[in-house]
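Reviewing the structure listed below.
We count residues from 1, following the sequence as given.
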Amino acid sequence: MQTSSVILSAKAVWSPIRIKSLYTQPPKTTTFNDPSSSSSGGSMAAPPAASPRWAQKTITLPPQRRGCHLITPKILKEIGQDLSGFKCGLAHLFLQHTSASLTINENYDSDVREDTETFLNRVVPEGVSAPWKHTLEGPDDMPAHIKSSLFGCTLTVPITNGQLNMGTWQGIWLCEHRDSATARKVVVTLNGI
């Protein structure tokens, strides 16, 4: 494991920070001919350094009722084979919709998902008394757009040794903000080595 020192500055006060790297770039090698090393007199070279890889998949999630839903198992089922080929990298998730969102939060207690939905409904008003002009697609549409903007439609998760490197209690949520949900598409892009 390689250890590097990085010095960061905050108002002329310097303090060292030690960073441990999970990946160490192998030294560059050259190919050479050494007739004494083999009977055929062929060339020898060290194995090449790992080159960056990419993988991408669009996952269609079935319609969900309004609220926050843990989708980590579904995502892992769909990308598991590709994910296992990465030692170090990033997984980028992009939700192709404007009335739902993605976030990372508690993966164990479903009360957290219910409480989050309650919070969103209190922060973003709905119904005839709400001040929204955009109502052509229903009274829940404009609030859904606002809620989507609050959480966002993208996530980036580190990949370590073929797994998403999330905390013990973290999970990926799809937050459905419409009363009449439709299937949702998430584009997952993996890159790394």
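Contact record, Pro131 with Pro125: CD-CG, 4.3 Å, taken as the closest heavy-atom pair. Considering every non-hydrogen atom in both Ala183 and His97, the closest pair reads O-CE1, 3.8 Å. When all heavy atoms of Glu117 and Gly67 are compared, the closest pair comes out as OE1-CA, 3.6 Å. Between Ser101 and His177, the shortest heavy-atom distance links the atoms OG-NE2, 2.8 Å.
By the criterion of side-chain heavy atoms lying less than 4.5 angstrom apart, applied directly or through intervening Ile, Leu, Val, Met, Phe, Trp or Tyr residues, Phe119 is grouped together with Leu150 in one hydrophobic cluster. Ile104 is connected to Leu190 through a chain of hydrophobic side-chain contacts under 4.5 Å among Ile, Leu, Val, Met, Phe, Trp and Tyr, so both are in one cluster. Taking hydrophobic clusters as Ile, Leu, Val, Met, Phe, Trp and Tyr residues chained together by side-chain heavy-atom distances below 4.5 Å, Trp173 does not share a cluster with Val157. Hydrophobic clustering, with ILVMFWY side chains joined whenever heavy atoms are under 4.5 angstrom apart, groups Leu120 together with Met142. Leu164 and Leu90 fall into different hydrophobic clusters, defined by Ile, Leu, Val, Met, Phe, Trp and Tyr side-chain heavy atoms under 4.5 Å apart, directly or through other members.
Side chains of Thr103 and Cys175 form a contact here, defined as non-hydrogen atoms less than 4.5 Å apart. Ile172 is listed as a side-chain neighbour of Met166, based on a closest heavy-atom distance under 4.5 Å. Two residues are said to be in side-chain contact when any heavy atoms from C-beta on lie closer than 4.5 Å; Trp132 and Pro139 fail this criterion. Contact check for Ser180 versus Pro63: no side-chain heavy atoms found under the 4.5 Å cut-off. Two residues are said to be in side-chain contact when any heavy atoms from C-beta on lie closer than 4.5 Å; Lys87 and Asn161 meet this criterion. Leu61 has its side chain within reach of Ile59: a pair of non-hydrogen atoms, C-beta onward, lies under 4.5 Å apart.
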Would you check, one step at a time, whether the test side-chain contact (heavy atoms from CB on, under 4.5 Å) holds for Thr116 with Phe151? CA-CA 11 Å; Thr116 301; Phe151 281 167; 3.7 Å; yes
Evaluate the side-chain contact (heavy atoms from CB on, under 4.5 Å) criterion for residues Val186 and Leu174: first the C-alpha distance (whole Å), next the side-chain angles of each, then the deciding distance (0.1 Å), finally the verdict. CA-CA 10 Å; Val186 179; Leu174 169 72; 5.6 Å; no
Test side-chain contact (heavy atoms from CB on, under 4.5 Å) on Thr72 and Asn107 and set out the steps. CA-CA 9 Å; Thr72 312; Asn107 68 1; 5.6 Å; no
For side-chain contact (heavy atoms from CB on, under 4.5 Å), just list the numbers for Val112 and Glu114, CA-CA rounded to whole Å, side-chain angles, deciding distance to a tenth of an Å, and then say yes or no. CA-CA 5 Å; Val112 177; Glu114 292 174 21; over 6 Å; no
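Scored by the side chain to side chain contact (heavy atoms under 4.5 Å, CB included) test, Glu126 finds Arg66, Asn121, Asp140, Pro143, Lys147 as partners (sequence neighbours excluded).
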Indicate every side-chain donor-acceptor pair of residues 78-85 with a distance under 3.5 Å to a residue at least two apart or in another chain.
unit_1 : atom_1 : unit_2 : atom_2 : d
Glu78  : OE1    : Lys57  : NZ     : 3.2
Glu78  : OE2    : Lys74  : NZ     : 3.2
Ser84  : OG     : Gln81  : O      : 2.7

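Ring-plane geometry between His145 and His134 is classed as tilted, the angle between the planes lying from 30 to 60 degrees on a 0 to 90 degree scale.
Between the side chains of Arg178 and Ser148, no donor N or O sits under 3.5 Å from an acceptor N or O.
Crowding of Gln163 atom CD: a count of heavy atoms from other residues, nucleotides or ligands under 6.0 Å not exceeding 12.
With rounding to the nearest 0.5 Å, the separation of CD in Gln170 from CD in Glu106 is 10.0 Å.
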